[in-house]
Amino acid sequence: MNLLIVTACPNAMVTSVLTSRLLEAAAQRLGWSTAVEVHDPKAIGSPLTPAQIANADLVVVVKTGPLSLQRFVGKRVAQSTPSEALLDPEAFLRSAAEAATELQAADDAEPTPATGKPKLVAITACPTGVAHTFMAAEALQQAAIRKGYHLQVETRGSVGARNVLEPQAIEDADVVLLAADIEVDVARFAGKRVFRCGTGVALKQPEATLDRALKEGAVLSGGAATSDAGGEQKGEKTGVYKHLLTGVSYMLPMVVAGGLLIALSFVFGIEAFKEEGTLAAALMKIGGETAFQLMVPLLAGYIAYSIADRPGLAPGMIGGLLAGTLGAGFIGGIIAGFVAGYAAKAVSRWIPLPASIESLKPILIIPLLASLVTGLVMIYVVGTPVAKLLAGLTEFLDTMGTSNAILLGLLLGTMMCVDLGGPVNKAAYAFSVGLLASQSYAPMAATMAAGMVPPIGMGIATLIARRKFAQTEREAGKAALVLGCCFISEGAIPFAAKDPLRVIPASIAGGALTGALSMAFGAKLLAPHGGLFVLLIPNAINHALLYLVAILAGSLVTGLIYAVIKRPEAQPLAVSAAS
């Protein structure tokens, strides 16, 4: 049989690719010839040719969003969702072959929501924009399908906004769901009912989140959701944590680019950049002298932006640049961001102006006064003591003995594995990223190594104790292995959500060991993301072999512990008396 596999999960490219690969492997085991096309809004993948479509006996379409099927009119087509396709790929393909029907022109139109069915639009966003953003979007879409709701989701990940909500969709929506751990622009939702929560809540309780959004959404007015009760919506991350993560999310691309450019300059020799006019010197100038200098101003600027919206951006960046020039580093940048943000917010709220000049406030009054306050605070109050504090911290990290290094690695490794992308995990990660600007690279190595352990460990457990896991868990284990190698700790969430009392302790044990070993080996990492793939860049990390040993050791510990303590899905067969 000639089979065409088309996957289109625009808010979860990992799911889309994984589904296509597993279905392709299952088809090959059945002896079918296959061709695969993976879609996102820009049709990334290998587009099927007219000849492949003409020769196809069956077209299997796995999707979570709208997708035109006009080119398949007249072919036998079966449509489904990733949750059904991943349950048992071979059985799914057999069922698809039996249930497929010839596609008529009228069947290509996307079904419209039934009258009276709730309509929602949503935005998902997390600090790194890699995992939680897309996993939460996928979970919400699947929940909406189960409940019969009409839902459109815009993802704001590391590659920017995808599936951007159309003005008409916003206008027609009953409620707007903001599942975001960072600040997002809400100006276009003025006058709509809005419900806010974190991506973790949306991922773990998607159906309840949709229902609460419809029930508890409050009208957005003046940039904030208000309600008669005046209380905060449950589940929303607010305050210091959310503002800090917003700054970190905008800073990360700068740190990644700068760190990798510095690593590339080391390809020509550790001190090759000192020779003027060479490519190594140019790479160091771009990465170390430019990208890293912008790191702290971006951090401070977007912390202030999270607090006071656009008026806080300029004073925040000015304060962040002052923190860098004064030697206060990322700690000073964080302080500058909060000072600038709350100063801008105070000026906006507490300084009344005549209506004729009110329009000057966001472009003249707020930037001037907030920048003045922030600058004076940084120069006369914060700069010197924080610079001394950072210098002391850097010296301690650079000169600490083996025992202190191991203890720090244990702490960072434990924090990375406690909540798999939650507040504790992000706190350890933000701390390590911030130290990169001070040329302290060892904590970053320990943090990233430990963050890879939980998903890799879960994958190992599904391999060595297969009989204890259901088929769906084994497939999730394969995905977790890939996600772990990419430094996406969230790959272990499906296991932790189902069995937290066993998964979390097993993950902590392996992560703590990996963090301790990484620090003990003296591993230093220049890039804050990328997982094992950064090892392909020469000198991105020192002691690469020992670093791999640390990751493997922790992953094996996690995998073995969980394989032993995991309860089997079904009762094992009784051993016969004869045996």
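- Val121 is not listed as a side-chain neighbour of Glu154, based on a closest heavy-atom distance of 4.5 Å or more.
- Under the 4.5 Å side-chain criterion, counting only non-hydrogen atoms from C-beta, Phe189 is in contact with Leu178.
- Gln141 and Val153 make their closest contact through CG-CG2, 3.8 Å (heavy atoms, listed as atom of the first residue, atom of the second, distance).
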Show me the donor-acceptor pairs, under 3.5 Å and distance only, between side chains in residues 362-370 and residues at least two apart or in other chains.
none

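- Results of the side-chain contact (heavy atoms from CB on, under 4.5 Å) test with Glu37 over Leu4, Thr7, Leu48 single out Leu48 as the only residue that passes.
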Leu298 vs Met317, side chain to side chain contact (heavy atoms under 4.5 Å, CB included): CA-CA, chis, key distance, verdict: CA-CA 6 Å; Leu298 273 177; Met317 287 192 170; 3.6 Å; yes
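- Using a 4.5 Å heavy-atom threshold, the side chains of Ser80 and Val61 count as separate.
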Check against side chain to side chain contact (heavy atoms under 4.5 Å, CB included), Phe487 and Leu532: CA-CA 8 Å; Phe487 182 42; Leu532 295 180; over 6 Å; no
Trace of the side chain to side chain contact (heavy atoms under 4.5 Å, CB included) decision for Arg196 with Val194: CA-CA 7 Å; Arg196 301 173 187 259; Val194 174; 4.2 Å; yes
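- His243 and Ile303 get closest at one heavy-atom pair: O-CG1, 3.6 Å.
- Aromatic ring pairs are classed by plane angle as parallel below 30°, tilted from 30° to 60° and perpendicular above 60°; the pair Tyr302 and Tyr250 is parallel.
- When all heavy atoms are compared, the tightest approach of Ser489 to Asn425 is OG-ND2, 4.1 Å.
- Two residues are said to be in side-chain contact when any heavy atoms from C-beta on lie closer than 4.5 Å; Phe72 and Val6 meet this criterion.
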Chi angles and distances behind the side chain to side chain contact (heavy atoms under 4.5 Å, CB included) call for Phe195, Val176: CA-CA 6 Å; Phe195 179 79; Val176 178; over 6 Å; no
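- When side chains are defined from C-beta on, Leu140 does not count as touching Glu138, because their heavy atoms never get closer than 4.5 Å.
- Looking at Asp174, its side chain never comes within 3.5 Å of a backbone N or O of Leu120 through a donor-acceptor pair.
- Between Thr199 and Ala179, the shortest heavy-atom contact is CG2-O, 3.2 Å.
- A donor-acceptor pair under 3.5 Å is absent between the side-chain atoms of Lys63 and the main chain of Gln79, judged by distance alone.
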Working for side chain to side chain donor-acceptor pair (under 3.5 Å), residues Asp211 and Tyr149: CA-CA 10 Å; Asp211 290 337; Tyr149 296 170; 2.8 Å; yes
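- Rounded to the nearest 0.5 angstrom, Arg193 CZ and Glu216 CD are separated by 10.0 Å.
- Among Thr19, Val62, Ile145, the single residue meeting the side-chain contact (heavy atoms from CB on, under 4.5 Å) criterion with Thr81 is Ile145.
- Of all heavy-atom pairs between Phe338 and Leu244, the closest is CZ-N, 4.3 Å.
- Annotation: side chain of Ile5 is not in contact with side chain of Val59 (no heavy-atom distance under 4.5 Å).
- Dense packing is recorded around NZ of Lys361, with more than 12 heavy atoms of other residues, nucleotides or ligands lying under 6.0 Å away.
- Interatomic distance, Met295 CE to Thr290 OG1, rounded to the nearest 0.5 Å: 14.0 Å.
- Within the 4.5 Å cutoff, side-chain heavy atoms of Arg188 are placed close to those of Ile170.
- Arg146 CZ to Glu207 CD: the interatomic distance, rounded to the nearest 0.5 Å, is 4.5 Å.
- The shortest distance between side-chain heavy atoms of Phe292 and Leu436 falls below 4.5 Å.
- Rounding to the nearest 0.5 Å places OG1 of Thr246 at 10.5 Å from CG of Leu299.
- Distance check, rounded to the nearest 0.5 Å: CD of Glu473 to CE of Met458 gives 10.5 Å.
- Here the closest heavy-atom approach between residue Ala336 and residue Met378 is recorded as CB-SD, 3.7 Å.
- Rounded to the nearest 0.5 angstrom, Arg349 CZ and Tyr342 OH are separated by 10.5 Å.
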